[in-house]
Amino acid sequence: MHTAEKSPDVDVVVVGAGMSGLFAIKALRDRGLTAVVLEKAPKAGGTWYWNRYPGARCDIPSLEYSFGFDPELEQEWVWTEHFPPQPEIEAYLDHLAERYDLARDIRYSTGVTAMTFDEPSGTWLVETDTDDHIRARFCVMATGGLSAPYTPSWPGLDSFAGTVVQTSLWPEEGVDLEGKRIGIVGTGSSGVQAIPELAKLGSHLTVFQRTPTFTWPSRNRALTDEEQAAVKARYPQLREEQRNSFTATAGTTGAVILAFPTGERRILDSTPEEREAALAEHGFDACRIWSDTASNLEANEMAVELYREMIRRTVRDPETAEKLSPRGFPLGCKRPVLDNGYFETFNRDDVTLVALRDEPIVEFTPDGVRTSDRFIALDVLVLATGFDAMTGALTRIDLQGRDGRRLRDDWADGARAYLGIGIEGYPNLFHCVGPGSAGVLATYPPHIELQVGWIVDTVRDLVDRGVVAFEADRAAQDAWCDEVARLSAGTMYVAPTCVSWYNGGNIDGKARTFPLYLGGVPTYMERLRQVTAADYEGFRIT
Ligand code: N01
C-alpha cells in the first residue's frame, strides 16, 4: 500500500475502556484529539466489569479510589461503604462514561487481535476480532495490569460436567450457586474474598489451596454521611496528599498496598511478653508493627510466627489451622490481602480445606475431582487462579513493532520498557501504568490521572509538532530497567522464596523479573516532568 493510503483514521487508538481507557478518552478529547477506544467487554469498566464474583470489592477506601479531575463529580458521587463493593465501582465507571458522553468513541465487544507498526507512515494498523482495521498515529494501551486471566490445566478438566467459572470472567447473568457443591481453587485476593460468600451460598464448599495466604481483616463498614461530608470538605487537600504520596494514597492507606512495617520497634529486640501484648492489641496486624521485618529474614520469620499464632487462635480445628499457616516465604513479598471473615469461614461444618501440596489434584471427572487421597463430588468449580499479570494483556495481542519485531518475543525474558510507558522497537505506542511504572503499587485513579495525563499531553505535543515516530531509546530503556531492579534489590519482593504475580513466578515458564518501580509516585512524576523539560530525554523523535 502506498504511504498516502496509510493516512490515519484517528489520532489515537486506545485499547481498553477500564479506568485508564476512560480517563484517556476524556483527556484526549479535552485536548482536541480524535480517538477510538476498543473494548473487549460489552460495556466499560475493565477489571470492575469482569470481576463480578460474590464478595468482589476494592481494598482501597472508596473516597480515595476515585478520580479527582472534576470537583463536581467527586462532590456528587455518593459511596456507601469504606471499601467499595464491585457493583458500586462498576456503577461509578458507568456514570463516568455517561456523564462525559464517552461511549460515542468506544466500540464495545471488540477485542484487539493484532497491531502492526508501519515505519514509513509512522502509523499503527489495529485489527480486531470484529474485523475492524483502524489506522492510528498513536496507540495508548490501557489494557490493565491484571486483565489476562490465568487458567491452569488439570487432566480431565474438559470432562467435568458441572459449571466451571473464573472469578475474573464472572458472567453478567450470574452463576447458579444456591445449594450447590462448590469447589474453589486459589486463595489470593480473589479467592479470599469469594470464599466466605461462596460458603454462604452453596450446600458445601471445598477450598483447594496451594499456598497459604497472608490476609488481614478489612474491618469494612458503612460510610456515615458525616465522614463522607468531612472528606468531601477537604477533597482538594486529600487529592494533593495522594499526588504527594509514595503510593498515591492519603493517610495510612499505603500500608494496605505495600505491607511495609509501620512501627519503630524491632521484633528481634522484643520479649515474648511484648509479642503477646502485640497479639492482644493488634490481632493479625501484630506481625506488621515492627521496623525490621522488611529487611531482615529472621525478624520477618518471627513476625510470621505471630501471624500463625493468630490463625491457631481463630481456626478451631488445629489441623486446618496448620494447613492455613504460611511457611517458607516472607511476609510482605506479595500484595497484601484484605478479607471479610476468611479464617472464620473454615470453622463452618460445610467448608473443607484441601491442601494441594499434601494432596495434589490427580484428575477431574464428569462428577468432580480426584485428589491423591480422595474423590470430591462438585457441581461448580470456581477458578480464582489469578492473572498473567502486567505483561499478559499485551503479549496476547500479536503486537508487531519496527522491523517485524514481536513484543511477545522481545519480552520472553521479562518486560522491558522505558518509564513504564514506552518500549524500544515500538514507536508511537504508550502503555498506561505498565511494567516499569509504579503501576499496581499505587492507587490507580490518582496514578492514572498523573501518568496517563502525561501521555495525553505528550501525544498532543507530538501531533502539534508533526512527529512521525516517537520511540524509547535502547540505552535509556536499559538504564531505567537497571534503576527499577536496583530499587527492588534486597526487598522481600525479590526474595528467592517469593513466588508471586509481581515477579512472574505464578505462571509456569514465565520469566522471573520484578518490573515495578519502587521509587514512589512523586519521584516517578518528577522524572516524567524532567523528561518533558529535556525535550523527551530518552525518546528518539523523528
Ligand atoms: O490472583 P493471585 P488473585 N493449582 O495470583 C492459585 C488484585 N485483586 O486474582 O499462591 C492450584 O493472587 C495460587 O496459588 P499459589 C490484587 O492486586 C484485588 O487472587 O500460586 N492453585 C493463588 O492462591 C491481587 O493481588 C482485589 O501457590 C493455583 C491463586 O491461585 C491480584 O488482583 C481483589 C494454581 C491466585 O492468586 C491478583 O489476585 C481481587 C494451580 N495450578 C484481586 N494456579 C481487591 O481489591 C494458581 N493457583 C481486594
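Atoms within each ligand, like the ligands themselves, are counted from 1 in listed order.
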Contact check, L338 vs ligand 1, heavy-atom distance below 4.0 Å: no
Ring-ring centroid check F67 F23, cutoff 6.0 Å: yes
Closest protein heavy atom (residue, atom, distance) for atom 35 (C) of ligand 1: A384 O, 3.4 Å
Ligand 1 contacted by V440 (non-hydrogen, < 4.0 Å): no
Contact with ligand 1 for F208, non-hydrogen, under 4.0 angstrom: no
Nearest neighbour in protein (non-hydrogen) for atom 3 (P) of ligand 1: S190 OG, 3.4 Å
Protein contact to atom 15 (P) of ligand 1 [nearest heavy atom, distance to 0.1 Å]: T211 OG1, 3.4 Å
Minimum-distance protein heavy atom relative to atom 18 (C) of ligand 1: S189 CB, 3.9 Å
Main-chain N/O of R288 paired to D285 side chain as donor or acceptor, under 3.5 Å: no
Contact check, Q209 vs ligand 1, heavy-atom distance below 4.0 Å: no
Salt bridge present between E449 and R243 (N-O < 4.0 angstrom): no
Row check, W501 ring normal vs R335 NZ/CZ: under 6.0 Å, within 45°: no
R357: numbered ligand 1 atoms lying under 4.0 Å from its heavy atoms: 27 (O)
E172 atom CD, over 12 foreign heavy atoms within 6.0 Å: yes
Heavy-atom gap Y502 to ligand 1 smaller than 4.0 Å: no
Part of S500 within contact of ligand 1 (heavy atoms, under 4.0 Å): neither
Which residue and heavy atom of the protein sit nearest atom 1 (O) of ligand 1, plus the separation: G386 CA, 3.2 Å
Sole candidate of Y493, Y517, F514 that passes side-chain contact (heavy atoms from CB on, under 4.5 Å) when paired with L487: Y517
Nearest non-hydrogen protein atom, atom 17 (O) of ligand 1: W501 CZ2, 3.4 Å
Cation-pi geometry met for R52 and Y49 (6.0 Å, 45°): yes
